[in-house]
Amino acid sequence: MKHTKKPYGLPASYRIKRKKIFDTLFSQGNSIYEYPFKIIYAETELPEPVPYQVAFGVSKKKFKKAVRRNRIKRLMRETFRLKQEFLKPGKPIALLIIYTSSKEESFDFLLMQMEKILSHLTEKLQNHGPA
RNA sequence: AAAGCAGGUCAUCUUGUCGCUCUCCGUAUUCGGAGGGAGGAAAGUCCGGACACCACAGGGCGGCCUAGCGGGUAACACCCGCCCUUCCGGUCAAAUCCGGAAGAGGACUAGUGGCACAGAAACCAGGUACAGUUCGGCUGUAGUGAAAAGGCCAAACUCUAGGCGGUGCAAUGCCAAGUAAACCGGCGUUUGAGGUCGGCCCGGCCGAGCCGGUGGGUAGGCAGCUUGAGGUUGCGGGUAACCGCAAUCCCAGAUAAAUGACAAGACUCGACAGAAUCCGGCUUACAGGCCUGCUUUUCAC
RNA sequence: GGAGAGGUGCCGGAGUGGUAACGGAGCGGAUUGCUAAUCCGUGCACGCGAGAGCGUGUCCAGGGUUCGAAUCCCUGUCUCUCCG
């Protein structure tokens, strides 16, 4: 038992905190899309003993007010927290989840789409993963 | 009671489950418990400070800012009181008076400059037409224009009075890790390069390295970081802004960056909006509730 | 978070108190058998007019100073740049 955590928790160690990881994501990352999310992901070494690290992004161009951006990032974090069981990577992976729409969607819709995109991602990783 | 105006104040609430962040406790980064967890504007960054570094921030020129008088304040371009000017309303009208609103409100009898078009003439003056004349280029009228010979403009230069050194927490100090004490060119070591971050000069201080290019490494942690011109209540002073004293309280501190989700319930169905060193103002955005004062109308006594 | 710069017609871009230059695009006309090139005219919006044309407004938005503002001052808004 090297690491335990609450099944629906999302502590700080599961979030990306290094600029270096963001640089790898932007230069070498692959992407997958399912409205309104876009996930940029890359298999890479992580500074913490966790299976994955996440970050959430909302464009300032699309949401000018800080309150709205905060709101959407909180909804995204919440949906990921509740649906993270659908993400089963073989290797350590970093992912950046970006909100691409310019309007705020309902929480239920976001839950559904988050489940979809994480399942697709897991599928894709298992097909191309251990090559 | 209703409507309007002005000022102040509050900013949906309650419970449960899941989750985030900080502090404390339990041998505890991971588990558990207790407690704290956005705003009146947190915003714009428009002013004023505190604080930090640059020299204990010094002199001159330049530059920038402020503008009635008095007070408040750490300070201000803010706030309070008074005066003045302009505008609106009240009495048939005017003056006065009463009520209200607005105002960057020193100086064009120091100088410089500007006054388009129109008009005979526009700031050095000059003198058109008509009429009257005491014949003196004297007076009046016409006409153009915002203004016609004594004026206007300083949110024109300027003058007067006063103020301002610069840079900003990505300031600054410390710890750890790691690369290359690399290569090329230029300047310099008491005959002084360079630094002293705003423009220039002077003076002073530091001073053996500095500048440009090529190429490479790291971008982690701690302090600053929240107890403060602090909040609440009471008493006292002052027309007021505000100040004094006493008691009491501790009320976010993140760093790819914490306050969210779901369920249930209540009502007046919830606006604008999210802390990033910290305060005092100003300005802008904003659903509604409550309180106080004034005015008008209606009803009751 | 902090420090600055700017916004002029469809596009680029001058003007910094007195009638909004200039270039390109577009549109109309001339030239041509047709097109390109060339030459001439034309900023935009609204209103009036049969038409030629005329009037009013317009320099990111609102307010102020002034006889008069794209220009000076204040407030807001949008865009861009720099700072370990």
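Reckoned from all heavy atoms, side chains included, excluding hydrogens, waters and symmetry mates. Proteins come first, then strands; the chains are lettered A, B, ... in the order of their sequence lines, and each starts at number 1. Given the structure is predicted, the values throughout are model-derived calculations rather than measurements.
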Rounded P spacing from rU277(B) to rG58(B) in Å: 29 Å

Can you sort out the partners of K116(A) under side-chain contact (heavy atoms from CB on, under 4.5 Å), two or more places apart, ordered by chain and number? E34(A), Q113(A)

rG19(B) C1' sits how many Å from Q84(A) CD, rounded? 10 Å

Whole-Å distance, K73(A) NZ to rU255(B) C1', equals 12 Å

Exercise: identify the closest heavy-atom pair between F86(A) and T122(A): O-OG1, 2.6 Å

Suppose we define a pair by two distances each less than 3.5 Å, Watson-Crick or G-U wobble; what does rG1(C) pair with here? rC83(C)

Round to the nearest Å and state the distance from F107(A) atom CZ to rA263(B) atom C1'. 12 Å

How many angstroms lie between atom CG of L82(A) and atom CZ of F107(A), to the nearest 0.5 angstrom? 5.5 Å

If you find the nucleotide of RNA chain B closest to D108(A) and the one closest to R77(A), which residue's nucleotide is nearer the 5' end? R77(A)

If the glycosidic angle is within 90 degrees of 0 it's syn, otherwise anti, so just tell me which one rA38(B) is. syn

With rounding to whole Å, what would you report as the distance between rA77(B) and rA170(B) at their C1' atoms? 30 Å

Measuring only the C1' atom in each nucleotide, how far is rA149(B) from rA125(B)? A whole number of Å is fine. 9 Å

Could you pull out the closest heavy-atom pair between G29(A) and I40(A), with the gap in Å? CA-CG2, 4.2 Å

Supply the atom-to-atom distance S102(A) OG to K64(A) NZ, rounded to the nearest 0.5 angstrom. 11.5 Å

Answer yes if the side chains of Y52(A) and Q84(A) hold a donor-acceptor pair under 3.5 Å, and no otherwise. yes

Sub-4.0 Å heavy-atom contacts from residues 15-25 of chain A onto RNA chain B, ordered by number: R15(A), I16(A), F22(A)

Using the C1' atom on both, measure rA252(B) against rG228(B) and round to a whole Å. 15 Å

Per the glycosidic torsion and the 90° limit around 0, nucleotide rU27(B) is syn

Answer with yes or no whether R74(A) presents, from its side chain, a donor or acceptor under 3.5 Å of a partner atom in the base of rG19(B). no

Whole-angstrom distance between rA146(B) and rG68(C), as gauged at atom C1': 9 Å

Could you state the CG-C1' distance from L111(A) to rC18(B), rounded to the nearest angstrom? 13 Å

Spacing of E48(A) atom CD relative to rU29(B) atom C1', expressed in whole Å: 9 Å

On RNA chain B, more 5' by nearest nucleotide between R81(A) and E78(A) is R81(A)

Strictly by modelled atom types, are S101(A) and Y35(A) linked by a side-chain donor-acceptor pair under 3.5 Å? yes

From CG (L96(A)) to NZ (K38(A)), nearest 0.5 Å: 9.0 Å

Which residues, if any, of residues 60-70 of chain A bring a heavy atom under 4.0 Å of RNA chain C? K61(A), K64(A)

Checking base pairs now: Watson-Crick or wobble, both atom distances under 3.5 Å. What partners rC44(C)? rG57(C)

Would rC251(B) be called syn or anti, given that syn covers angles within 90° of 0? syn

Can you tell me the pairing partner of rG33(C) across any strand shown, Watson-Crick or G-U wobble, with both distances under 3.5 angstrom? none

Give me the distance, rounded to whole Å, that separates rG230(B) from rA1(B) when you measure between the C1' atoms they each carry. 44 Å

Using purine N1 to pyrimidine N3 plus N6-O4 or O6-N4 for Watson-Crick, or N1-O2 and O6-N3 for G-U wobble, each under 3.5 Å, what pairs with rA107(B)? rU158(B)

Between I117(A) and S119(A), is any pair of side-chain heavy atoms under 4.5 Å apart? no

Whole angstrom is fine here: how far is it from CG in L10(A) over to P in rG19(B)? 11 Å

Round to the nearest Å and state the distance from F56(A) atom CZ to rC20(B) atom C1'. 12 Å

Just name whichever nucleotide pairs with rC262(B), Watson-Crick or G-U, keeping both distances under 3.5 Å, else none. rG16(B)

Could you tell me how far rG76(C) sits from rC286(B) if I compare only their P atoms? Round to whole Å. 14 Å

Tell which nucleotide pairs with rC138(B), taking only Watson-Crick or G-U wobble pairs whose two distances are both under 3.5 angstrom. rG132(B)

Given the 90°-from-0 boundary between syn and anti, rU226(B) should be labelled syn

For the residue pair L46(A) and I93(A), what are the closest heavy atoms and their distance? CD1-O, 3.8 Å

Would you measure the distance from the P atom in rU259(B) across to the matching atom in rA266(B) and give it in whole Å? 29 Å

Using modelled atom types and a 3.5 Å cut-off, is there a donor and acceptor pairing between side-chain atoms of Q53(A) and backbone atoms of S13(A)? yes

Is the number of heavy atoms from other residues, nucleotides or ligands under 6.0 Å of K20(A) NZ greater than 12? no

Glycosidic conformation of rG40(B), syn or anti, with 90° from 0 as the boundary? syn

Write down the distance between NZ (K83(A)) and C1' (rC18(B)), rounded to a whole number of angstrom. 14 Å

Identity of whatever pairs with rA146(B) - Watson-Crick or G-U, under 3.5 angstrom: none

When both hydrogen-bonding distances must be under 3.5 Å and the geometry is Watson-Crick or G-U wobble, what is rG81(B) paired with, if anything? rC69(B)

